[in-house]
Amino acid sequence: MIENSDRANDIALVPGSIASHVSCLLVKLGQVSFRLQEAALAPLNLRVRHFSVLQALADRGPSVQLELGRYLRIDPATMAAVLDDLGRVDAVSRERAPEDRRRYIVTLTPEGQGLLSRAVAAIEAVDATFRAALQHQPESDPLKGLRILAADPALAAAFDATGK
C-alpha cells in the first residue's frame, strides 16, 4: 500500500531527501518559475529576456545598450538579438549616442510600454501560483517555504502542463 507521503513525494518537484538541500530546491524552483514565465509570455511573443529588458528600461529610462546588458547580465550578442526582436515590434528604439557614435541608446517606446503592461500581468499570474502555495504558511523558515513550494501539487501540475 502506498502511503500518503509517498504519493506526495511522487508529485513533488524536488523529491525525497534531495529537498533537504536549499541549493537543490532553488535550482528546481528556478527552473519551474522560468518555464511558467516563458509559457505565460509566449502568447505575447515574448520570452523572459524580452520582459527583463522592457522592465529594466521602464525602471531605469533610456540606457546605453552595453550598460543595459551588463545590468541584466546578458552577453552583448544575446542583447543585440533581444533588442532586434523588440525593435521589430516597435517596443524599443535604438539610436546612436551623440557623444560616442559607437554606442547605442535604447529607449522604451509607447508600444513597448503597452507590451510591458501585458507582460507584467502575465508574470503576476505566475507569481500568484507561487503565492497560493505559500498563503497559509509562516514565512519565518525559508527552507520550509521552499519545501512547501517544491511539494505543492498545483505548482507541479502547472509545470507539467507546459509539456516541456
Side-chain angles (χ1 to χ4, degrees), residues 5 7-16 18-61 63 65 68-75 77-92 106-164:
S5 63
R7 277 193 211 114
N9 208 15
D10 287 344
I11 62 168
L13 292 166
V14 182
I18 299 166
S20 65
H21 303 283
V22 171
S23 58
C24 293
L25 290 165
L26 288 171
V27 166
K28 179 50 79 176
L29 291 169
Q31 291 169 342
V32 170
S33 178
F34 181 78
R35 186 183 294 179
L36 294 177
Q37 288 177 356
E38 289 275 302
L41 293 170
L44 300 173
N45 293 315
L46 292 177
R47 304 209 47 207
V48 171
R49 285 185 177 141
H50 298 116
F51 169 75
S52 298
V53 167
L54 293 173
Q55 188 64 67
L57 288 170
D59 292 345
R60 297 169 55 102
S63 300
Q65 180 173 326
L68 182 62
R70 285 186 191 132
Y71 174 71
L72 293 171
R73 292 173 177 78
I74 297 175
D75 68 84
T78 302
M79 178 57 79
V82 168
L83 292 174
D84 287 345
D85 292 344
L86 293 171
R88 279 191 283 279
V89 296
D90 296 321
V92 300
V106 183
T107 304
L108 184 65
T109 65
E111 292 85 357
Q113 185 60 53
L115 185 58
L116 176 60
S117 294
R118 293 188 301 279
V120 165
I123 294 295
E124 286 175 350
V126 173
D127 290 349
T129 303
F130 281 89
R131 278 194 211 96
L134 291 171
Q135 68 183 350
H136 301 295
Q137 303 303 321
E139 296 180 29
S140 60
D141 182 358
L143 183 58
K144 184 176 181 183
L146 292 172
R147 286 181 180 150
I148 290 164
L149 287 174
D152 183 70
L155 195 55
F159 178 76
D160 294 341
T162 64
K164 294 181 180 178

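What you see is a predicted model, and the numbers here were worked out from it, not measured in a lab. These values consider heavy atoms only, across backbone and side chains, with no hydrogens, waters or symmetry-generated copies. Throughout, residue positions are numbered sequentially from 1 according to the sequence presented.
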Note, L13 side chain near L149 side chain (heavy atom, < 4.5 Å): no
How far apart are the closest heavy atoms of L116 and L54, and which atoms are they? CD2-O, 3.7 Å
Is it the case that the side chain of S33 and the backbone of L29 share a donor-acceptor pair, with hydrogens and angles ignored and the cut-off at 3.5 Å? no
Which atom names give the shortest non-hydrogen contact between L83 and V53, and what distance separates them? CD2-CG1, 3.8 Å
How far does CZ of R118 sit from CZ of F51, to the nearest 0.5 angstrom? 13.0 Å
Heavy-atom check, side chain of Q31 versus side chain of K28, under 4.5 Å: yes
Would you name the heavy atoms of F130 and L155 that are closest together and state the gap between them? CE2-CD2, 3.6 Å
Measure the spacing between CG of D152 and CD1 of I148 and express it to the nearest 0.5 Å. 9.5 Å
Kindly indicate, with the supporting measurements, whether the criterion side-chain contact (heavy atoms from CB on, under 4.5 Å) is fulfilled by R88 and D85. CA-CA 5 Å; R88 279 191 283 279; D85 292 344; 2.5 Å; yes
Between R60 and Y71, is there a side-chain heavy-atom distance shorter than 4.5 Å? yes
What I'd like to find out is whether the side chain of L72 reaches to under 4.5 Å of the side chain of R49, using heavy atoms alone. no
Contact between V120 and Q55 at the side-chain level, heavy atoms closer than 4.5 Å - yes or no? yes
If you take all heavy atoms of H50 and V82, which pair is closest and at what distance? CD2-CG1, 3.7 Å
Is there a side-chain contact between E111 and V89 in this structure, where contact means two heavy atoms from C-beta onward sitting under 4.5 Å apart? no
Can you tell me how far apart CZ (R70) and CE (M79) are? Round to the nearest 0.5 Å. 11.0 Å
Please check: side-chain N/O of T129 versus main-chain N/O of A125, any donor-acceptor pairing under 3.5 Å? yes
Distance-minimising heavy-atom pair for L25 and A150: CD2-CB, 3.5 Å
On a heavy-atom basis, the closest approach of A91 and L108 is O-CD1, 3.6 Å
